[in-house]
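Here's the structure we're looking at; comments come further down.
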Protein chains: 2
Amino acid sequence: MARRGDTIELAVLGLLHEGPMHGYELRKRLNLMLGWGRVLSYGSLYPALKKMLRTGLLSEVTTTTAVTRRPRIVYEVTEAGHAEFERLMSEVGPSAWEDDNFDIRFAFFGRTDMEIRLRVLEGRRTRLQERLTRVQAELERTQEEVNRYAAELQRHGVESVEREVRWLSDLIQAERGERPASPEAPAQS
Amino acid sequence: MARRGDTIELAVLGLLHEGPMHGYELRKRLNLMLGWGRVLSYGSLYPALKKMLRTGLLSEVTTTTAVTRRPRIVYEVTEAGHAEFERLMSEVGPSAWEDDNFDIRFAFFGRTDMEIRLRVLEGRRTRLQERLTRVQAELERTQEEVNRYAAELQRHGVESVEREVRWLSDLIQAERGERPASPEAPAQS
DNA sequence: GTTAGCATGTAAGGAGTTACATGATTTT
DNA sequence: AAAATCATGTAACTCCTTACATGCTAAC
C-alpha cells in the first residue's frame, strides 16, 4: 500500500520517464509541478534518490556521452522502477485522493488506463462531496456563529470545494465522452 | 517571531477566548475550523496544551461548578495568554500568509485592528500574485508541455489562485469601505 | 581571482501522525 | 452487562526542513 511519503517517489519515477535527469534539475521540475506553496528541499530529495537507488527503482546513468561534464549524477528508471510506477498509479484507494498525491497522479494520467483515471477522479469527487456535506451540516448545527470572519472563511471554503467538484465532474464527463465507454458502463464503483 | 508550529497555539488561544474548554472539545472545534483536509490528532493537541500550561499561557480551571463531572481538564486563557494572542495576531510577516496560519488569523480577525487586517490581506494577496507571475512565466518558457493533464492541472491551479486573489481584493475593499479610512490612507505598505 | 550559481550531500531537529494504553460515562 | 463514546495521555516513528559542509564551473 502506498504510504503518504511515496509522493516524491512517484513524482521522480514519473518525471524520469521523460528522460534521465540529475537531482538538481529534478528538484526544479518537481517544485514547478507540485509547486502551489510547497517547495521540496535537497534534504529530502537526495536521500530519497539514494534510497531509490538502493531499492533498485533507479540506476545511475554511466556518463558515457560527455567526459567534460563535472561529476553530477544522472538517474534513470529501471525495469523495477517502471513496474513500481505502474503499481502506484493503479492504486485507487484513499492515498490517491489526498491533495498532493492526487495532483501528482493527475499530472501523469496520460500513462494510465481510462478506467483508473475515472476511479481516481470519482474517488476524489466523492471525498470532497462528503466533506462538503459534513461541513454544511455542522454549519447549520452551530449557527451560533457570531463571527463574521469565520463565517466568511467557511463560505469561501465551501465555494472553493464546490468549484473543484464541478471541475472534477467536467473531467469525468470528458473522460467518458472521449471513448463511448465500454458496454457495461462503470457508473458506480 | 512566529514559527510554523505556533498555529495550534494561536488557534487554541483564540478558541478559548469564547470560554473555557477541555481538550476533546477543542479538537472538534479546531478540526472544523482548519478542517479542509487536515485533522488534528490528540497526539499533537494534548502535548501542546501541556506545553501551554507550562509556559503559562493557559491555566486549569478549578472545577468549582459541578462536582459530579468526571475528571476532565478545562483550560482557560491567562493574562499572558491574552498578551501572546495579541502578539501573534499582530505579526504581519510571511508566517501570517501561509495557508494554515492565514486561515486561523483570518477567523479571528474580529479581534484585531483594521490596520493589521489590511496588512495581512494585502500581504497574502501580494504573495499569491508573485506565485502567479512566476508560474505563468515558467509556463511560457516550458511550453514543450506535451502533457495534456499536467497542463490542465496548471490551468486549474492558476484559476484557483486568481479566484483567491479576487476574493482578497473584495475583502480589502470592504475593509477600506467599512470606515472611510484614516486621513493618511494606507494604500501602500 | 573572486563572486554567483550549479551540484551533492549530511546532521539535527521540528511538527505531527499512528498506534498503543487507560479508564470513566452513557447508551443499548 | 456490553458496547459506544467521551476523555486523556505516551512512545515510536515518519516525513520533511534548516542549517551546515563541500567543491566545481561560469561569469565578471
Side-chain angles (χ1 to χ4, degrees), chain A residues 1-12 16 20-31 33-55 58 60-61 63 66-75 88 93-95 98-101 104, chain B residues 1-12 20-31 33-55 58 60-61 63 66-75 88 94-95 98-101 104:
Chain A
M1 286 130 237
R3 274 154 38 269
R4 190 196 200 97
D6 288 338
T7 312
I8 295 182
E9 216 153 275
L10 179 58
V12 167
L16 285 181
M21 254 178 267
H22 56 276
Y24 197 83
E25 202 184 331
L26 267 170
R27 193 187 93 121
K28 280 197 299 190
R29 307 277 256 100
L30 238 43
N31 283 344
M33 200 158 199
L34 37 81
W36 295 105
R38 326 241 76 237
V39 175
L40 189 70
S41 65
Y42 298 122
S44 61
L45 177 60
Y46 284 119
L49 289 173
K50 284 216 155 175
K51 189 193 159 200
M52 290 171 79
L53 272 184
R54 264 201 336 270
T55 54
L58 301 182
E60 251 176 85
V61 172
T63 322
V67 204
T68 47
R69 303 310 291 148
R70 87 204 84 169
R72 46 184 200 175
I73 303 167
V74 177
Y75 299 92
L88 287 171
S95 63
E98 285 162 33
D99 297 335
D100 277 358
N101 278 343
I104 291 295
Chain B
M1 287 129 237
R3 274 153 37 267
R4 188 194 203 102
D6 289 338
T7 311
I8 295 181
E9 215 152 275
L10 179 58
V12 168
M21 253 179 267
H22 56 276
Y24 197 82
E25 203 184 333
L26 267 170
R27 193 188 94 121
K28 279 198 300 188
R29 308 276 256 100
L30 237 43
N31 283 344
M33 198 158 202
L34 38 80
W36 294 105
R38 326 240 76 238
V39 176
L40 189 70
S41 65
Y42 299 122
S44 63
L45 176 60
Y46 285 118
L49 288 174
K50 284 216 155 172
K51 190 192 159 199
M52 290 171 79
L53 273 183
R54 264 202 335 271
T55 54
L58 300 183
E60 251 177 84
V61 171
T63 323
V67 204
T68 47
R69 302 309 294 146
R70 86 204 86 170
R72 46 186 199 174
I73 302 166
V74 177
Y75 299 92
L88 287 171
S95 64
E98 285 163 34
D99 297 334
D100 277 358
N101 278 342
I104 291 296

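Of the candidate nucleotides D:dA7, D:dC16, C:dT8, C:dT8 has the atom lying nearest to any side-chain atom of A:Ile73. The side chain of B:Ser41 approaches C:dT18 more closely than any other nucleotide in the set C:dT18, C:dT8, D:dT8. With D:dT17, D:dT8, C:dA7 as the candidates, the nucleotide lying closest to the side chain of A:Tyr24 is C:dA7. Here C:dT8 is the nucleotide among C:dT8, C:dT10, D:dA7 with the atom lying nearest to any side-chain atom of A:Arg72.
At D:dT10, one or more side-chain N or O atoms of B:Lys50 fall inside 4.0 Å of OP1 or OP2 (strictly under the cut-off). An OP1 or OP2 oxygen of D:dC15 is reached within less than 4.0 angstrom by no side-chain nitrogen or oxygen of A:Ser44.
Atom CD of B:Glu98 is separated from atom C1' of D:dT17 by 12 Å (rounded to the nearest Å). One can place OH of A:Tyr46 at 15 Å from C1' of D:dC20, the figure rounded to the nearest angstrom. Atom CD1 of B:Ile8 is separated from atom P of C:dG14 by 15 Å (rounded to the nearest Å). Rounded to whole Å, atom C1' of C:dG16 lies 15 Å from atom CD of B:Glu9. Atom CZ in B:Arg27 sits about 14 Å away from atom P in D:dT5, given to the nearest Å. In this structure, B:Tyr42 atom OH and D:dA11 atom P are separated by 19 Å, rounded to whole Å. Atom NE2 in A:His22 sits about 17 Å away from atom P in D:dC24, given to the nearest Å. Between B:Lys51 atom NZ and D:dT10 atom P there is a gap of 15 Å when expressed in whole angstrom units.
Between B:Leu26 and B:Tyr24 there is no side-chain heavy-atom pair separated by less than 4.5 Å. Taking 4.5 Å as the limit, every side-chain heavy atom of B:Ile73 sits out of range of all side-chain heavy atoms of B:Val61. Side-chain contact between B:Val12 and B:Met52 is present, with at least one heavy-atom pair separated by less than 4.5 Å. No side-chain heavy atom of A:Asp6 sits less than 4.5 Å from a side-chain heavy atom of A:Asn101. Side-chain contact check for A:Glu60 versus A:Leu53: some heavy-atom pair is nearer than 4.5 Å.
Nucleotides of DNA chain D nearest to A:Leu45 and B:Tyr75 differ in position, and the one nearer the 5' end is that of B:Tyr75.
Backbone-only contact: A:Gly23 has heavy atoms under 4.0 Å from sugar-phosphate atoms and none from a base.
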